[in-house]
Amino acid sequence: MKYDVIVLGCGPAGYYFARSYAKHGKKVAVIENSKLGGVGFRTGCLPVKKYLDTIRHVNISRKLTKNKILRGEIYLENLYGSVRDDLYKIESMIEKELKDLNVDIYFGDGNFLSKNKFKINNRVLEFDKCVVATGTSPSGFGDVVIDEDRILSNIGAIDMEELPEDICIIGANVEGIEFASLFSSLGVKVRVVDMDSEILRGNDEDLKSLSVNYLKENNVEFILEREVKEIKLVKNKAKISLSDREIYSSKVLVTGIRKPNIPKGLKELGIEIEDSHVPIDNCFKTNIDNIYAIGDINGMLGMAHIGINQGIELVDYFINSKIPKRNYKALPRSIYTIYEIAGAGYQENELGKDEYRVEKVYFKEVFRGFSKGIDEGFLKILVDFDNKIIGLWISSENASDLIGDIGIWIDEGLKIDEIKSRLFINPTLGEAILDTALKFQGGIE
């Protein structure tokens, strides 16, 4: 079988590339050795958000019950299994979309035979170009081996048959804190261990305070500035040896440690691999002229939306010879805890006091915030002394839904005074941007 391109991996990067390229009438094959959707859509990012969104619905129901508007029981123990069973729909959605575009899908490992041939399930596929989008996989550390039974990665954490009584999460990073939000909301006793002295290092204290306080209210225990020396299985528990004590837990979740998925036979072709990633040029090309690498495998930032963008830009390069911009200056991003942290551009901790001015508006002060009954959460804007917006950040439930094209504003050097000429639908939470801009002008006390 001859293809214009084969795509190795069907996570966000590979899926968006394959879908977009096939729409141009190209013959495309996708090869996946696990689950369609990868970490971004199937085994990590999106599934965790699905759990957390369902938990938010439960929290709303609790508030309605408290206010005597809603009657009924909440069966929290059924939530995890219900959402887990829904996750299989993601694979079906992706498969249908690709097959409707006449994309051939092959499951298995496979290996390169040459720069133009790939063997999968005893079939040899010939191709003009290959796009490597195999991403990364969770990894243990030291002698710690992830078995997805007692010692888990993100894959095992979203696919347990039943919830444990307690779990120890290694890592107070983004992944660790998102899972801590999930499990603590479901009544699991959670402990988070990290060598660092900070939770979610690199984020402003005011931005992360709602998320951290939520976890503490759910009785999450933080054990910071402690190194994990060893993890051993003892009967039906895991014994975690720290630098100053030993603790026991039903499950251990290891976060933040990943290794690249290098396809078989790629090294033998002479592909360059540096610091556990495949280096690329400005057009995502490797040192082999017909092999390209997009997404986590090329070592650039490791975020799903970066992979999606690279997949789309690579199609534009193939079809229109348009050189990718790869403009990640503002880099919109989000932390998906119950109270999300989302924004683009600089945070205050990245700047000196003489480099910016900042104003803040709380959503309870915005008319739509009142109608939604939002008691907590805020938006803040940072500007430089030329009045250009250099950062916009939100701490609130569903903060990520409010970011929109903020990254574009920052990249284009939009000035704070230009906000007042923009139309914001009333009433919306987005009006917090306008109200914050007016504070710079002295329009709101």
Side-chain angles (χ1 to χ4, degrees), residues 45 49 171-178 180-181 192 194 196-216 222 224 255-256 300-306 309 327-363 365-366 376-416 418-419 429-430 432-440:
C45 305
K49 283 63 172 176
N173 49 52
V174 172
E175 183 183 8
I177 296 305
E178 288 183 355
S181 296
V192 178
D194 200 297
D196 205 338
S197 59
E198 288 187 30
I199 302 165
L200 295 175
R201 177 174 286 279
N203 292 279
D204 290 345
E205 291 297 325
D206 60 346
L207 289 173
K208 60 188 181 183
S209 64
L210 279 178
S211 297
V212 173
N213 288 341
Y214 177 87
L215 294 175
K216 290 180 177 178
F222 291 98
L224 303 178
T255 69
M300 298 181 64
L301 299 170
M303 299 180 184
H305 55 299
I306 298 294
N309 177 259
N327 186 357
Y328 309 136
K329 180 182 174 184
L331 189 60
R333 53 201 189 274
S334 182
I335 299 173
Y336 293 90
T337 42
I338 291 295
Y339 292 101
E340 295 177 352
I341 301 168
Y346 289 107
Q347 292 190 22
E348 292 185 69
N349 71 84
E350 300 173 286
L351 301 168
K353 292 292 184 182
D354 58 347
E355 294 182 276
Y356 73 99
R357 293 180 295 145
V358 61
E359 292 290 352
K360 179 187 297 186
V361 162
Y362 290 88
F363 286 113
E365 301 168 352
V366 179
E376 299 179 288
F378 65 88
L379 177 149
K380 68 177 178 180
I381 299 177
L382 285 67
V383 302
D384 63 17
F385 285 92
D386 290 324
N387 284 324
K388 289 182 180 178
I389 300 173
I390 57 175
L392 192 155
W393 288 90
I394 303 169
S395 173
S396 175
E397 287 193 15
N398 302 308
S400 57
D401 293 336
L402 299 174
I403 294 303
D405 60 358
I406 299 303
I408 298 174
W409 292 6
I410 296 171
D411 286 337
E412 293 181 348
L414 188 77
K415 291 192 174 184
I416 195 68
E418 296 177 71
I419 294 292
L429 294 178
I433 298 174
L434 176 62
D435 288 349
T436 308
L438 290 173
K439 278 197 168 186
F440 284 100

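These figures come from a predicted structure and were not determined experimentally.
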(message) Test side chain to side chain contact (heavy atoms under 4.5 Å, CB included) on Ile381 and Phe440; report intermediate values, then the result.
(response) CA-CA 10 Å; Ile381 299 177; Phe440 284 100; 4.1 Å; yes
(request) With sequence neighbours excluded, tell me which residues meet salt bridge (charged side-chain N to carboxylate O under 4.0 Å, His left out) with Glu359. (result) none
(message) Taking side-chain contact (heavy atoms from CB on, under 4.5 Å) as the definition, give me every residue that meets it alongside Lys360, ordered by chain and number, with sequence neighbours left out.
(response) Asp206, Tyr362, Phe378, Lys380
(message) Please enumerate all residues that pass side-chain contact (heavy atoms from CB on, under 4.5 Å) together with Leu402, with sequence neighbours excluded.
(response) Phe363, Ile394, Leu429
(message) Quick check: do Tyr356 and Val383 have side-chain heavy atoms less than 4.5 Å from each other?
(response) no
(message) Using the salt bridge (charged side-chain N to carboxylate O under 4.0 Å, His left out) criterion, which residues pair with Arg357? Sequence neighbours excluded.
(response) none
(message) Working to the nearest 0.5 angstrom, can you tell me the gap between Trp393 CH2 and Ile406 CD1?
(response) 11.5 Å
(message) Pair Ile389, Ile419 - check side chain to side chain contact (heavy atoms under 4.5 Å, CB included), show working.
(response) CA-CA 10 Å; Ile389 300 173; Ile419 294 292; 4.0 Å; yes
(request) Any chance you could measure Leu210, atom CG, to Leu215, atom CG, to the nearest 0.5 Å? (result) 11.0 Å
(request) Heavy atoms only: give me the nearest Thr337-Ser181 pair and the separation to one decimal. (result) CG2-OG, 3.3 Å
(request) Go through the steps to decide whether Leu382 and Leu392 satisfy the test side chain to side chain contact (heavy atoms under 4.5 Å, CB included), and finish with yes or no. (result) CA-CA 6 Å; Leu382 285 67; Leu392 192 155; over 6 Å; no
(request) Return the minimal non-hydrogen interatomic distance between Leu207 and Ser395, and the atom names on each side. (result) O-OG, 3.1 Å
(request) Please check if the side chain of Glu340 supplies one atom and the backbone of Ile335 the other of a donor-acceptor pair under 3.5 Å. (result) no
(message) If the condition is side-chain contact (heavy atoms from CB on, under 4.5 Å), which residues does Asp196 pass it with, not counting sequence neighbours?
(response) Asp194, Glu198, Arg201
(request) Examine distances only and state if a side-chain atom of His305 and a backbone atom of Pro332 form a donor-acceptor pair shorter than 3.5 Å. (result) yes
(message) For Val366 versus Ala432, what's the shortest heavy-atom pair and its separation?
(response) CG2-CB, 3.8 Å
(message) Run the side-chain hydrogen bond (donor to acceptor under 3.5 Å, both in side chains) test against Thr255 and tell me which residues pass, sequence neighbours left out.
(response) Asn173
(request) Could I get the full list of salt bridge (charged side-chain N to carboxylate O under 4.0 Å, His left out) partners for Glu175, not counting sequence neighbours? (result) none
(request) List the atom of Ala330, the atom of Gly407, and the distance in Å for their closest heavy-atom pair. (result) CB-O, 3.5 Å
(request) List for me each residue that meets side-chain hydrogen bond (donor to acceptor under 3.5 Å, both in side chains) alongside Ser396, sequence neighbours excluded, and say none if there are none. (result) none
(message) Main chain of Glu348, side chain of Asp204: is a donor-acceptor contact present, judged purely on distance under 3.5 Å?
(response) yes
(message) Using 0.5 Å steps for rounding, measure from the CD atom of Glu178 to the NZ atom of Lys49.
(response) 4.0 Å
(request) Would you indicate whether the side-chain heavy atoms of Val174 and Leu200 approach each other to under 4.5 Å? (result) yes
(request) Dump the intermediate steps for side chain to side chain contact (heavy atoms under 4.5 Å, CB included) on Ile341 and Ser211, then the final yes or no. (result) CA-CA 8 Å; Ile341 301 168; Ser211 297; 4.3 Å; yes
(message) Are Gln347 and Asn203 packed together at the side-chain level, in the sense that at least one heavy-atom pair is separated by less than 4.5 angstrom?
(response) yes
(message) I'd like to know if the side chain of Lys439 reaches the main chain of Asp435, judged simply by a donor and an acceptor atom lying under 3.5 Å from each other, with no hydrogens or angles considered.
(response) no
(message) I'd like to check the side-chain hydrogen bond (donor to acceptor under 3.5 Å, both in side chains) partners of Glu365; sequence neighbours left out, ordered by chain and number.
(response) none
(request) Kindly compute the distance separating CG (Asp384) from OH (Tyr346), expressed to the nearest 0.5 Å. (result) 10.0 Å
(message) Among residues at least two apart in sequence or on other chains, which ones pass salt bridge (charged side-chain N to carboxylate O under 4.0 Å, His left out) with Glu205?
(response) Lys208
(message) So does Lys415 get a backbone contact from the side chain of Glu418, meaning a donor-acceptor N/O pair under 3.5 Å?
(response) yes
(message) According to salt bridge (charged side-chain N to carboxylate O under 4.0 Å, His left out), does anything in residues 391-401 pair up with another residue at least two apart or in another chain? List the pairs.
(response) none
(message) Could you check whether any side-chain heavy atom of Val212 comes within less than 4.5 Å of a side-chain heavy atom of Ile177, counting everything from C-beta outward?
(response) no
(message) Applying side-chain hydrogen bond (donor to acceptor under 3.5 Å, both in side chains), can you list everything that pairs with Asp411, at least two apart in sequence or on another chain?
(response) none
